[in-house]
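One structure below.
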2 protein chains.
Amino acid sequence: MVYSVAMNRSPRKEREWKEREARILEVARRLLREHGYLGLKMDEIASEMEYSKGTIYQHFSSKEDVIMELAVQTIEKRLELMARASEYRGRPRERVAALGVAVELFVRRFPDYFRVEQIIRADSIRDKTAPERQERLISCELRCMGIVTGIVRDGIATGDLTLPEFLTPEQLTFGMWSLSFGGSSIITTGHLGELGVEKPFEAIINNIQMLLDGLNWKPLSHEMDYPKTMERIAEELYSDLLADVPSF
Amino acid sequence: MVYSVAMNRSPRKEREWKEREARILEVARRLLREHGYLGLKMDEIASEMEYSKGTIYQHFSSKEDVIMELAVQTIEKRLELMARASEYRGRPRERVAALGVAVELFVRRFPDYFRVEQIIRADSIRDKTAPERQERLISCELRCMGIVTGIVRDGIATGDLTLPEFLTPEQLTFGMWSLSFGGSSIITTGHLGELGVEKPFEAIINNIQMLLDGLNWKPLSHEMDYPKTMERIAEELYSDLLADVPSF
DNA sequence: TCAGTTTTTGACAATCCGTCATTTCCCAGA
DNA sequence: TCTGGGAAATGACGGATTGTCAAAAACTGA
C-alpha cells in the first residue's frame, strides 16, 4: 500500500476502495486455493478483476502482503467462530468441547483459510509485509489464546479443574492449540489413509478429551456424553455453516 | 536429475558424484536456513559451490526437488533418533518418554531440518518433485509412525495400557505426533513469549504426559519420576548431541 | 468547459528458474 | 606422448513473474 493513509478521499471513493480491496482478497484466496502459493500470480489477480497490476500494488506492497492480509482474515474468521463457542452456556469443559467444534468446523468449512495459516507459519513471509498487518495478526492470536485461557481459568475457578503445578493455563492452551493445529496440518497435507489413521478429525477431538481427562477436568469424558453435547452445540451455534461441511 | 541412473561411471566418479550431491544439499540447507524458502536461489547454490547451475540440475530436476531431498534427509535423521529411543530398555511408557526426548532434541538440535519439514507440509511442493523422492518420504514417515505405534501396542500387550474403544493405536500415535509437530511449528515461527507461554518444550512434554495419564497408561506420571528418566535417557542415548543444544 | 488533482495503466527493469548448444575435461588406446 | 570420442560442465538464453514509474486517463470543482 503506497500512501492510502495520507490521502483524503470522498466517502464514495472510500467505499469503492474498500470494496475493491475486498474483491482483491476474494480473488486472491480463490487463486491460492486453486493453484497454491507458488501458483498465485499478481498478474492473474489483476486480469481476473479486470484491473491492472499497478492498481493491486496500491493496496498491497507485495504478494506476501496480500497473503498476510488473507492470514489476518483467517484468524479473524476463526476468532469469530471461537467467540460464539465461548458464549455457550454450560460447564467450562463443555465450553472447551464447543471450542473443539468451532475449530474443527473452521478447518473443514474453510480449508483454504486454514491453508493460508499454514503458509504464514511455514516460511518467513512475515518480514516482507507491512508491520501494521503483523501487529493485527498477533493481536488476533492473542485474543484467540485469551478465549481458551479464559475458559481454562473458569474451570479452575469453579473447581472443576485443578492444574498440576507444572502446567500453567497458558501451557494447557498451548497444548490444545498444538494438537489442533498440528493435527489439521497433517490432515490437510498428508496421505493419512495410507498411514492407517482413520477418522483423523475425531482422533483430534478424542485425544484432547483424553488430555483433559488426564488433568481430571470434571466432568470426565465417561461421566458425560460429550459427542452428543458437541452435536447439539454444532446445531445450536453453527447451523448456518453445517450444510456446507461434508459429512458433519 | 537428468539421467544419472542410466549412466555407467567408474567407482571414483561415482564417489565424486555422491560427494557433490551431499555438498549441494549442505549448501542448500545453509542457504535455506539463512534466507528462507524464497531466498534460496539455484544460482547462489552453484556459485557457493563454485560450480555452474547446469551441474546442479544434473542432480536435481528443480528447486523443489532439492527441498524435497532435504525433507527426506530430515525425516531420516529423525527416524535415526527415534530408532535409538525405541531400543531403550524399559516399560513401554518409558520408551514413549524416550521418544519425547528424541523428538525434542531433534527440533532443538537441528532447527533447520525441522524447518524444511514445515515447508514441505505447508505448500504443494510435492507435485513438482521426482516421484521416487516422494515415495522415500512416505516410506520414512511410515517407519516413524511404525515405531510409535509399535510401542503403543507393546503397552497394550504388557497390560500397562488399555485403549478405549474409540481410539486406535494409530489414532493415539497421530495425537502425539500432532501435539509434537504442531507445538514445534508454533514455537519455531511464533512469538510465544508475548502470548504468555513459558517453557513451550516442557509444555509439549507435559501435555503428552497428561494425555497418557488420561488413558491410564501405567505407570502414571505421578507414579514415576519421568523428568528424571528423560534426563537419564538423554545422557544415555544422545550424549553426542547434547553439547550443541542450548540449555538442555 | 477547463485546469488541477487523483487514479489507472501497462511498458519496463530486475530477478530467477530451467534448458541446451557449446566447450571443456577425461581417459583409453595407439 | 598424442589423439579421438564420449562424458561432464558451462553460462548464455528464453520464459515467467515481481515490483516500479512515467505517462495517460478519469475525475473534480469551479
Side-chain angles (χ1 to χ4, degrees), chain A residues 1-21 23-24 27-28 31-32 34-69 123 125 127-130, chain B residues 1-21 23-24 27-28 31-32 34-69 119 123-125 127-130:
Chain A
M1 192 181 331
V2 182
Y3 268 95
S4 74
V5 177
M7 295 186 186
N8 244 342
R9 265 188 296 262
S10 72
R12 186 175 66 82
K13 285 280 170 192
E14 189 62 34
R15 187 171 48 80
E16 283 177 5
W17 178 273
K18 281 185 177 161
E19 278 173 10
R20 190 170 54 204
E21 185 150 321
R23 272 193 55 220
I24 294 174
V27 172
L31 294 178
L32 194 68
E34 287 169 6
H35 307 127
Y37 173 49
L38 297 174
L40 175 64
K41 282 144 204 166
M42 299 299 267
D43 281 306
E44 206 176 337
I45 297 177
S47 79
E48 288 254 348
M49 291 189 54
E50 299 187 327
Y51 273 97
S52 76
K53 190 167 47 169
T55 303
I56 312 285
Y57 277 94
Q58 297 234 308
H59 290 259
F60 302 96
S61 68
S62 70
K63 178 174 157 174
E64 283 69 31
D65 211 32
V66 176
I67 309 240
M68 192 58 147
E69 184 59 28
D123 207 350
I125 293 180
D127 314 333
K128 295 180 74 179
T129 61
Chain B
M1 190 179 330
V2 183
Y3 268 94
S4 74
V5 176
M7 295 185 186
N8 243 342
R9 266 188 296 262
S10 71
R12 186 173 66 83
K13 284 282 171 189
E14 189 62 35
R15 186 170 48 80
E16 284 177 3
W17 179 270
K18 282 186 177 162
E19 278 173 9
R20 190 170 54 203
E21 184 150 321
R23 271 192 57 221
I24 294 173
V27 172
L31 293 178
L32 194 68
E34 287 169 6
H35 307 125
Y37 172 51
L38 298 174
L40 176 64
K41 282 143 204 169
M42 298 302 268
D43 283 304
E44 205 176 337
I45 297 178
S47 79
E48 288 256 345
M49 292 189 54
E50 298 187 330
Y51 272 99
S52 77
K53 192 166 45 166
T55 303
I56 312 287
Y57 277 93
Q58 298 234 310
H59 290 260
F60 301 96
S61 68
S62 70
K63 178 174 157 176
E64 283 70 32
D65 211 32
V66 176
I67 309 242
M68 193 57 148
E69 183 61 28
I119 291 173
D123 206 349
S124 50
I125 293 180
D127 315 332
K128 295 179 74 176
T129 61

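Residues B/Ile56 and B/Met49 meet the side-chain proximity criterion, which asks for heavy atoms closer than 4.5 Å. At a threshold of 4.5 Å between non-hydrogen side-chain atoms, the residues A/Glu69 and A/Ile24 do not count as touching. Within the 4.5 Å cutoff, side-chain heavy atoms of B/Ile67 are placed close to those of B/Leu40. Proximity of A/Met68 to A/Phe60: side-chain heavy atoms (C-beta onward) are nowhere separated by under 4.5 Å.
Distance NZ (A/Lys41) to P (C/dC17): 15 Å, rounded to an integer number of Å. Rounded to an integer number of Å, the gap from CD1 of A/Ile56 to C1' of D/dG19 is 13 Å. If you measure from atom NZ of B/Lys63 to atom C1' of C/dT19, you get 18 Å, rounded to the nearest angstrom. Between the P atom of D/dT17 and the CD atom of A/Glu44 lies a distance of 9 Å, rounded to the nearest Å. Whole-Å rounding puts the A/Phe60 CZ to D/dT20 C1' distance at 18 Å. Rounded to a whole Å, the CD atom of A/Glu16 is 13 Å from the C1' atom of C/dT8. Here the C1' atom of nucleotide C/dC17 and the CG atom of B/Asp65 are 14 Å apart, to the nearest Å. Counting to the nearest Å, the C1' atom of D/dT10 and the OH atom of B/Tyr57 are 15 Å from each other.
The residues B/Arg23 and B/Glu19 are annotated as not salt-bridged, no charged nitrogen and carboxylate oxygen being separated by less than 4.0 angstrom.
At least one donor-acceptor pair under 3.5 Å links the side chain of B/Lys63 to the backbone N or O of B/Tyr37.
The structure places CD of B/Gln58 at 11.0 Å from OH of B/Tyr51, a figure rounded to the nearest 0.5 Å. Distance NE2/A/His35 to CD/A/Glu44: 5.5 Å, rounded to 0.5 Å.
Residue contacts shown for A/Leu38 are absent, as no nucleic acid heavy atom lies under 4.0 Å away.
When the side-chain nitrogen and oxygen atoms of B/Arg20 are compared with OP1 and OP2 of D/dA9, one or more of them lie within a distance under 4.0 Å.
Residues from residues 45-55 of chain A placing a heavy atom under 4.0 Å of any atom in DNA chain C, listed by number, are A/Tyr51, A/Ser52, A/Gly54, A/Thr55.
By the side chain to side chain donor-acceptor pair (under 3.5 Å) test, B/Glu50 pairs with no residue at all, sequence neighbours left out.
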Protein-nucleotides 23-25 of chain D N/O pairs under 3.5 Å:
none

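Checked against C/dG18, D/dG19, D/dA9, the side chain of B/Gln58 finds its nearest nucleotide in D/dA9. The nucleotide whose nearest atom lies closest to any side-chain atom of B/Asp43 is, among D/dT18, C/dC17, C/dG18, C/dC17.
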